[in-house]
Asks: 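My questions all concern the structure below.
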2 protein chains.
Amino acid sequence: MATSTVENYLKHILLLSAEGEELVPMGALAEALAVVPGTVTTMVKALADSGQVEHRPRQGVRLTAAGRRVALNVLRKHRLVECFLVNVLKMDWAAVDTEAEQLEHAISDEVLDRLDALLGHPETDPHGDPIPSRHGQLDSQVYATLATCVVEKALRIVRITDQSAEFLQFAVQNGLLPGETVRVTERNLASGLVTAKKITGRPLALGLAAAGKILVQPTR
Amino acid sequence: MATSTVENYLKHILLLSAEGEELVPMGALAEALAVVPGTVTTMVKALADSGQVEHRPRQGVRLTAAGRRVALNVLRKHRLVECFLVNVLKMDWAAVDTEAEQLEHAISDEVLDRLDALLGHPETDPHGDPIPSRHGQLDSQVYATLATCVVEKALRIVRITDQSAEFLQFAVQNGLLPGETVRVTERNLASGLVTAKKITGRPLALGLAAAGKILVQPTR
DNA sequence: AGATTTATTTTGACTATTCAAAATAACCGA
DNA sequence: TCGGTTATTTTGAATAGTCAAAATAAATCT
């Protein structure tokens, strides 16, 4: 059985390889896991020995099929737990990531399935992140963001890609939640400023980086 | 923050010291934790250094006030999680102990409180074991068992003190659940045999050891 | 008391995970 | 192609938790 350290390595490799095949640089992984790069090298070599990742020295890591299976299962646990914490326990949207970080390694597949049923088989977690299916399907649609979308068009927010409590708090305070409808009224690449407006609301200015963390799709 | 290993040591010391002050022998602790005795000695010395237990060399260990506080919190988590798994997720009575074993170290106090509220502040877990209160009160009433109670009197089952899946399964199959009413119709110390009957049922024979694991109280 | 059994502690070693710092390789600009 | 960044790997050491087996103390039994 994978230790929770191993689960974390695999989960973060999955998360950093976005869609598919790309090699994750060791440095990026070290940063994500908050350990020094040398530690990642050591650990990745061990993971490679156990067949969970493929290590290309000096280039990066990539999950094997086996590693990906484990990673998706952990991610599924993480996101379903977040749903539970927000929908059932009514916890703060911004706080649940940290909680789920622990719980994802402690809950069994049995509990996972029952939680999934209790929640009505949700497809995304409260931040809009897609929940991998029981057998490893992960929605990987590419969305526009407030930094890249067309202007003056009504769009539905589908997802917030920054899990930090600060950013999520900011999002809540400005009503930038998945499901809400917004329109970008102005975007100036030079100044790096984006102005967005909710249907019923005052204009809100935010930087390009922040705008890029909010994924949107055409209102259906 | 206490590691989950430390939490387990403290929890088991609490459980083994039943009520109060007794020193828990190192061997008993080693057995409960499924490690060799030498390991316990090493670990207990570390726990003593950090002020969580008092170690009497060659005699045993005992929790300090600080250690007891931690242990009660872990036990509270364990038992509330069991309630959740049985009452909300409808999991098998006999399987939840193992699950809770993991979850008790992963859930935060915040989640704990909300779980407690969701469940309606239960006083006992599904096996009848008392749940320590938020601030460390633990019901320590001494109950009679089917091995020690008066015969021919109707009694309510309050608790099953063996958490092993096998025993719990046996209990379920014979309807020996907390809340049920039973009567001991016969007890023979010599043969070590106890015969019990549910109000609406055929007599059931069980050994003294098994009978001693079922706690009862007078029907109110 | 002396010998024996039993519980506990000590010792030495091992695994998993981590860090700091030095060594190495790859890349990049002129 | 040379020199310098920058990323990665290596090396040596630390911590937490564990085991096996030898040493020791305590309790027990003649």
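Each chain gets a letter, A, B and so on, in the order the sequences are listed, and its residues count up from 1.
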Asks: What verdict does the side-chain contact (heavy atoms from CB on, under 4.5 Å) test give for A:Glu101 and A:His78, after you've listed the backbone C-alpha separation in whole Å, the side-chain angles of each residue and the deciding distance to 0.1 Å?
Replies: CA-CA 7 Å; A:Glu101 212 63 52; A:His78 182 97; 3.6 Å; yes
Asks: Quick one: list whatever passes salt bridge (charged side-chain N to carboxylate O under 4.0 Å, His left out) with B:Glu104, sequence neighbours left out.
Replies: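 Residues passing salt bridge (charged side-chain N to carboxylate O under 4.0 Å, His left out) with B:Glu104: B:Lys11.
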Asks: Taking only distance into account, with no hydrogens and no angle test, what donor-acceptor pairs under 3.5 Å do side-chain atoms of residues 34-49 of chain A form with protein atoms, sequence neighbours excluded?
Replies:
unit_1  : atom_1 : unit_2  : atom_2 : d
A:Thr41 : OG1    : A:Pro37 : O      : 3.4
A:Thr42 : OG1    : A:Gly38 : O      : 3.0

Asks: May I have the distance from A:Leu23 (atom CG) to D:dA7 (atom P), rounded to whole angstrom?
Replies: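 Value for this atom pair: 16 Å.
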Asks: Please enumerate all protein N or O atoms sitting under 3.5 Å from an N or O of nucleotides 22-25 of chain D, with distances to 0.1 Å.
Replies:
unit_1 : atom_1 : unit_2  : atom_2 : d
D:dT24 : O2     : B:Arg58 : NH1    : 3.2
D:dT24 : O2     : B:Arg58 : NH2    : 3.4

Asks: Any N/O pairs under 3.5 Å between the protein and nucleotides 15-18 of chain C? List them or say none.
Replies:
unit_1 : atom_1 : unit_2 : atom_2 : d
C:dT17 : OP1    : A:Thr3 : OG1    : 2.7
C:dT18 : OP2    : A:Tyr9 : OH     : 3.1

Asks: Nearest-Å distance, NZ (B:Lys45) to C1' (C:dT11)?
Replies: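 Distance, rounded to whole Å: 11 Å.
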Asks: Is there a donor in the side chain of A:His105 and an acceptor in the side chain of A:Asn8, or the other way round, less than 3.5 Å apart?
Replies: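 The criterion, which ignores hydrogens and geometry beyond distance, is satisfied for A:Asn8 and A:His105.
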Asks: Once you round it to whole Å, what is the distance between C1' of D:dA7 and CD of A:Glu31?
Replies: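 Rounded to whole Å, this separation is 13 Å.
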Asks: side-chain contact (heavy atoms from CB on, under 4.5 Å) for B:Thr145 and B:Ile214? Distances and angles first, verdict last.
Replies: CA-CA 5 Å; B:Thr145 71; B:Ile214 297 172; 5.8 Å; no
Asks: Pair B:Arg76, B:Asp116 - check side-chain contact (heavy atoms from CB on, under 4.5 Å), show working.
Replies: CA-CA 10 Å; B:Arg76 178 169 158 81; B:Asp116 185 37; 3.2 Å; yes
Asks: Apply side chain to side chain contact (heavy atoms under 4.5 Å, CB included) to B:Pro25 and list each qualifying residue two or more places apart in sequence or on a separate chain.
Replies: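 Once residues adjacent in sequence are excluded, the partners of B:Pro25 under the side chain to side chain contact (heavy atoms under 4.5 Å, CB included) criterion are B:Ala28.
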Asks: Considering every strand and a 4.0 Å limit on heavy-atom distances, what is the contact class for A:Gly38: base, sugar-phosphate, or nothing?
Replies: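 Answer is base: heavy atoms of A:Gly38 come under 4.0 Å of a base.
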Asks: Rounded to the nearest Å, what distance is computed from the CG atom of residue A:Leu33 to the P atom of nucleotide D:dT8?
Replies: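 These atoms are roughly 14 Å apart.
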Asks: Rounded to the nearest Å, what distance is computed from the CE atom of residue A:Met26 to the C1' atom of nucleotide C:dA26?
Replies: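 Going from CE in A:Met26 over to C1' in C:dA26 covers 15 Å.
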Asks: Rounded to whole Å, how long is the line connecting atom CD of A:Gln59 with atom C1' of D:dA7?
Replies: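 Atom CD in A:Gln59 sits about 12 Å away from atom C1' in D:dA7.
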Asks: Test your reading of the model: is there a side-chain donor-acceptor pair from B:Thr161 to the backbone of B:Lys213, 3.5 Å cut-off?
Replies: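 Present.
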Asks: Take atom CG of B:Leu10 and atom P of D:dG17, then tell me their distance rounded to the nearest Å.
Replies: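 About 11 Å, once rounded to whole Å.
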Asks: Within the structure, does a side-chain N or O atom of B:His55 lie under 4.0 Å from either OP1 or OP2 of C:dT8?
Replies: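 For C:dT8, neither OP1 nor OP2 has a side-chain N or O of B:His55 closer than 4.0 Å.
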Asks: Among residues at least two apart in sequence or on other chains, which ones pass salt bridge (charged side-chain N to carboxylate O under 4.0 Å, His left out) with A:Asp109?
Replies: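 If we apply the salt bridge (charged side-chain N to carboxylate O under 4.0 Å, His left out) test to A:Asp109, skipping adjacent residues, the hits are A:Lys77.
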